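This report refers to the structure that appears directly beneath it.
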Amino acid sequence: SGAVALAVSLLIAIVGFSMPVDMALSSAVRGGLFGLLPIVWVIITAIWFYEITVASGRFEDLRKTFDLLGDGDIRIQAILIAFCFGGLLEALAGFGAPVAITATMIMALGVKPLRAAIVVLIANTAPVAFGAVGIPVTTAGEVAGRSAEQTHDIAALISLQVLIIAAVVPFLIAFILDGVRGVKETAPAAAVIGVSFALAQWLAATFFAYQLTNVIACIVSLGCAFAFLRVWKPKGVKELRERLELPAAESTTDLNGRRIWMALLPYAVVTIVFAVATAAPAIFGFLKLHFAWPLLDDAIVDADGNLMDTSFSFNVFGNPGTLLLLSGIIVAVVYHFFNENGRYSLSFGQPVSAFGDVASRMKFSALTIILVLALAYTMNYSGQTIAIGEFVSSAGGIFALFAPVLGWIGTAVTGSDTSANALFANLQVAAAERISVNPDLMLAANTAGGVVGKMISPQSLAIAATAVKMEGKESVILKNVVGYSVVFLAVVCIIVFLMTNALGFLVP
């Protein structure tokens with residue numbers, strides 16, 4: 001599908017948009033390279049990182065550790081992993097790493113592959129707007145020429161537009177895993193986690209630093225969950241495990257503090273490494289590849305006639321993939337030297353062979369991602385994506401209702417909320433001025449729309465499929481998540497439209 005779509009987009013670029021053949025092909029190669037570096041690189045290292053914990057035997061202890069929370073209720077465990085921990089990974093890494101890592105963790109709980117993929121894709125929604133240190137918001141502000149104060153207003157508006165989605169995602173995870181009964185039996189915990197996350201996200205984005213929104217929201221929701229689960233215990237856990245054909249929760253009496261710490265060590269390491277790289281980028285940013293792209297440099301203009309930056313940049317040591325590789329090496333060394341009389345031992349050869357196995361398993365998914373990014377860049381540089389945006393924004397006053405659709409389309413095509421903002425920020429501002437609406441509201445709408453489009457992007461689908469070993473069945477996963485994406489989009493559209501009318505007092 002990716003190859004056929006790319007061929008069609010190249011034909012349209014050349015025939016329909018009068019793009020020279022060499023420039024069209026160069027655009028495709030530019031996008032394909034971005035698909036490889038960093039996206040495929042991040043996915044391979046993320047899955048390899050997980051395989052190290054499996055090879056060492058420590059992942060079984062991690063599974064038992066999660067059984068300590070919620071008395072073996074995998075619905076609550078899945079919410080904590082996919083939503084809270086996944087949101088923290090989104091804040092630190094992004095680029096598909098949260099989906100890849102949390103999908104494998106949830107499968108280890110005994111969740112079937114398809115359900116695990118659906119859960120992580122839906123969980124990877126609300127945090128996306130502020131992912132990777134708020135880059136989507138920063139991009140929207142920079143592309144649209146907004147001041148620092150106005151960019152902060154955009155972040156605050158986004159937090160309001162995704163407030164409901166953030167609060168209900170934990171309930172949806174419980175529903176996906178165990179239907180209506182699952183929602184009823186986990187409702188108190190789901191409410192505490194979802195509401196605390198949504199409120200913390202709004203408070204951080206509005207009154208603090210929006211770049212740290214996800215970190216704060218995830219830590220707050222995890223803290224609230226741990227405190228709540230000390231005084232509240234879920235019901236029907238035994239029946240749940242029977243319904244889902246899971247074995248009885250394993251005894252955790254053999255776990256001690258050392259084993260729990262060693263099981264959690266990989267995720268502590270990855271959090272620390274990414275936090276250091278974020279706080280002090282110079283440490284890992286000393287080697288960067290940056291060069292003008294052949295045939296495209298000073299040749300591609302945006303809708304306003306301004307030259308677009310088509311250069312290629314790659315931070316060799318500071319990108320999420322290499323940071324995950326470094327984290328994995330640290331964990332492998334610790335696991336090698338600190339075993340328990342031969343138990344949980346990890347030879348130096350195991351991580352090397354695991355890396356080869358993951359790369360081999362990823363080959364077709366990697367090709368899919370490369371083709372899809374080649375498609376996205378061909379559409380972007382030829383003007384096809386801008387044409388879609390101009391068509392949608394020509395609706396007039398009713399455009400406020402459909403403004404999030406642009407972000408939804410952009411993220412679905414490119415797999416990145418940041419890219420969607422880069423594509424449509426100027427169009428949103430122009431449309432807002434045409435219909436006399438605050439441009440910051442439309443920029444926020446573009447980002448919020450992208451949040452709910454992430455789960456149906458071919459990039460995310462390929463990552464999820466690979467992580468749960470459903471390579472080639474991306475369409476099956478898509479059929480199961482597209483309905484949620486459309487409903488979420490409708491909710492965001494209605495909220496944005498109300499903010500131009502009845503809820504106008506919420507807009508600065």
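In this text the structure is predicted, and so the values were computed from the model without any measurement.
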Listed once per pair and sorted, the salt bridge (charged side-chain N to carboxylate O under 4.0 Å, His left out) pairs that draw on [range], sequence neighbours left out:
range: residues 260-283; value: none
range: residues 270-288; value: none
range: residues 356-380; value: E51-R361, R361-E471

Tell me, please, which residues at least two apart from [X] pass salt bridge (Lys or Arg N to Asp or Glu O under 4.0 Å).
X: E474; answer: none
X: D178; answer: R75, R243
X: R258; answer: E340

Got a salt bridge between D440 and R146, using NZ or NE/NH1/NH2 to carboxylate O under 4.0 Å?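 The answer is yes: the pair qualifies as a salt bridge.
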
A side-chain contact here means heavy atoms from C-beta on lying under 4.5 Å apart; do S460 and I456 qualify?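 The answer is no, as the side chains (C-beta and beyond) never meet within the 4.5 Å cut-off.
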
Taking the side chain as everything from C-beta on, heavy atoms only, tell me whether V331 gets closer than 4.5 Å to R58.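 Sidechains of R58 and V331: no contact.
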
For [X], what residues pass the ring-ring contact (aromatic ring centres under 6.0 Å, His included) criterion, not counting sequence neighbours?
X: F228; answer: W232
X: Y484; answer: none
X: F208; answer: none
X: F85; answer: Y267

If a pair satisfies side-chain hydrogen bond (donor to acceptor under 3.5 Å, both in side chains) and one of its residues is in residues 108-131, list it, with sequence neighbours excluded. E90-N124

Determine whether a donor-acceptor pair (N or O, by modelled atom type, separation under 3.5 Å) exists between the side chain of T213 and the backbone of Y210. yes

Relative to the ring of F34, is the ring of Y377 parallel (under 30°), tilted (30 to 60°) or perpendicular (over 60°)? tilted

Any ring pair (Phe, Tyr, Trp, His ring centres under 6.0 Å) involving residues 353-375? Give me the pairs, sequence neighbours left out, ordered by first then second residue.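 Sorted pair list: W48-F355.
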
